[in-house]
Protein chains: 2
Amino acid sequence: MDQDLARPREFDEGVALEAAMQRFWADGYASTSVRDLGDAMGLGQASVYNAFGDKRTLFTQCLDRYLDANMRSRIARVESTLPPRQAIEAFLSEIVERSMESRLGCLLANAALEVAPHDTDIADVVAERMAELESFFRRCVIAGRKDGSISPDADPADAAQLFLTTVMGLRVLARGYPKRAVLEGAVRQALSVLGKPRRKPNPSTRT
Amino acid sequence: MDQDLARPREFDEGVALEAAMQRFWADGYASTSVRDLGDAMGLGQASVYNAFGDKRTLFTQCLDRYLDANMRSRIARVESTLPPRQAIEAFLSEIVERSMESRLGCLLANAALEVAPHDTDIADVVAERMAELESFFRRCVIAGRKDGSISPDADPADAAQLFLTTVMGLRVLARGYPKRAVLEGAVRQALSVLGKPRRKPNPSTRT
DNA sequence: GATGTTTTATAGCGTCCGCTTCAATACAAC
DNA sequence: GTTGTATTGAAGCGGACGCTATAAAACATC
């Protein structure tokens, strides 16, 4: 591709991708033109196509970037620093906070509704990542039942599916019904399915 | 407008609106052109503009039609024919069934994500209807607590907010992660917040 | 049948779309 | 400094966009 014997890029790929992602996130796939993206990135169209391929390819890169920065890294952070029940609580609470801050919702949810039905490749990515989120919740519920912070009455599969659904629902409300009390009430009630802990979570269970 | 002294319409407005609604529902606002809508309705562009105004106005009419046919009428039906707890259960179960049948999701949710952020009028409609759905659930929870079918431990406001969030989440999953087991698990877990009934619901409580 | 009004089909307006071409440019290698 | 390659800005491709202007067509009224 670039074989170090030529004119170097005048921009940082990461910064540019971030700017493009923000535009897709705010305006959606169809409503964002390649000219818009170029403006946001500070690039001409030729540079956009040269560096990132066509519009669809650029979108997949933005989606990947979004998911790494806003989902996987968050999962990894809460799962590695908090006991399981608190990991779930923190994850959902953060979504409420972010939703009230920006009202952008979630690029994954936006992509699921707007793009996935007409693009099987993106549909596959969307489904994979939702499965990833679901299994994060399921791991937490299982671990929480083991350490006593989550009631053994809670079914890990069902609870994980409810949390996944709740996350997506919150993101829709963020754009269409952005009332803090509603989001907080939904999260409070969703978390209630975890029941009362048998004993305090043991911090040494996880590092 | 039409003062009965002229050439009559060659089409049925309701049928045409229904066809347009289906297109918006399937493809989204931005990705559906007025030519597409005309084709789906069997009309030329001139007729579309003459009968329904511009694209945005047509969309609002489609959204209204969708909400009347797919939300309000459903609320009215389950609320008038079922006791409160079963009304909630039926409403959510129907959404799962519809989601597995068509995978179109919900035009209200689609509009909330794609259109509402850039159109305050539509944002108002979206928020109103979500509030309507929320209060339907709240009414049911309150009535169910009264007739004993729903545990008094369930907070009506929180539960209604969770159900609203769940509905929107289910619609996202319908498009992005359409697995029956996931939707059913989420609904099962959401319904669990209603607790065990103190006594069987009394069918004579409602007509 | 003549008149008046609305709907219809056709054509076209200006604009923006995704994407490409192309020459000028900037750098590494030698 | 020359050469070779990748990047850049400018211009433009064909086509689709939302919307409208126009005139023929279809009916109720008289």
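So that the names make sense, note that chain A is the first sequence line, chain B the second, and so on, each numbered from 1. Worth knowing before you read on, the calculation uses all heavy atoms, side chains too, and leaves out hydrogens, waters and symmetry mates.
The distance from atom CZ of F11(B) to atom P of dA26(D) is 16 Å, rounded to the nearest whole Å. The CZ atom of F52(B) sits 11 Å away from the P atom of dT7(C) (whole-angstrom rounding). Whole-Å rounding puts the M41(A) CE to dT7(D) C1' distance at 15 Å. The CG-C1' distance, from L58(B) to dC19(D), rounds to 14 Å in whole Å. Between D54(A) atom CG and dC19(C) atom P there is a gap of 5 Å when expressed in whole angstrom units. For the pair L37(A) CG and dC17(C) P, the interatomic distance rounds to 10 Å; values are reported in whole Å. Atom-to-atom, CD of E13(A) to P of dA6(D) comes out at 15 Å; the value is rounded to the nearest Å. Rounded to whole Å, atom C1' of dA25(D) lies 14 Å from atom CG of N50(B).
The nearest heavy atom of DNA chain C to P8(B) and to P8(A) marks one nucleotide each, and the one closer to the 5' end goes with P8(B).
Residue pairs that meet the ring-ring contact (aromatic ring centres under 6.0 Å, His included) test with at least one member in residues 27-46 of chain A, sequence neighbours left out, are F24(A)-Y29(A), Y29(A)-F59(A). Among residues at least two apart or in separate chains, ring-ring contact (aromatic ring centres under 6.0 Å, His included) pairs with a member in residues 70-97 of chain B are F91(B)-F136(B), F91(B)-F137(B).
Scored by the salt bridge (charged side-chain N to carboxylate O under 4.0 Å, His left out) test, D158(B) finds R188(A) as partners (sequence neighbours excluded). Annotation: side chain to side chain donor-acceptor pair (under 3.5 Å) contacts of T32(B) (sequence neighbours excluded): none. Remark: R23(A) engages D27(A) in a side chain to side chain donor-acceptor pair (under 3.5 Å) (not counting sequence neighbours). Applying the ring-ring contact (aromatic ring centres under 6.0 Å, His included) criterion to Y66(B), with sequence neighbours excluded, gives W25(B). Every salt bridge (charged side-chain N to carboxylate O under 4.0 Å, His left out) that D68(B) has, sequence neighbours left out, goes to R72(B). Every side chain to side chain contact (heavy atoms under 4.5 Å, CB included) that A51(A) has, sequence neighbours left out, goes to R9(A), F11(A). Under the rule for a side chain to side chain contact (heavy atoms under 4.5 Å, CB included), the partners of D121(A) that lie at least two apart in sequence or sit in another chain are R56(A), D119(A).
Contacts with DNA chain C (heavy atom under 4.0 Å) in residues 112-125 of chain A: none are found. Applying a 4.0 Å cut-off to non-hydrogen atoms, the residues of residues 14-36 of chain B that approach DNA chain C are R35(B), listed by residue number.
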So which protein nitrogen or oxygen atoms get under 3.5 Å of nucleotides 9-11 of chain C's nitrogens or oxygens?
none

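With no hydrogens or angles considered, no side-chain donor-acceptor pair links N50(B) and S47(B) at under 3.5 Å.
Side-chain atoms of R7(A) come within donor-acceptor range of the base of dT25(C), with a qualifying N/O pair under 3.5 Å.
Of all nucleotides listed (dT8(D), dC27(C), dC19(C)), dC19(C) comes nearest to the side chain of Y49(A).
Although no hydrogens or angles enter the test, the distance criterion places no donor-acceptor pair under 3.5 Å between the side chain of E114(B) and the main chain of E114(A).
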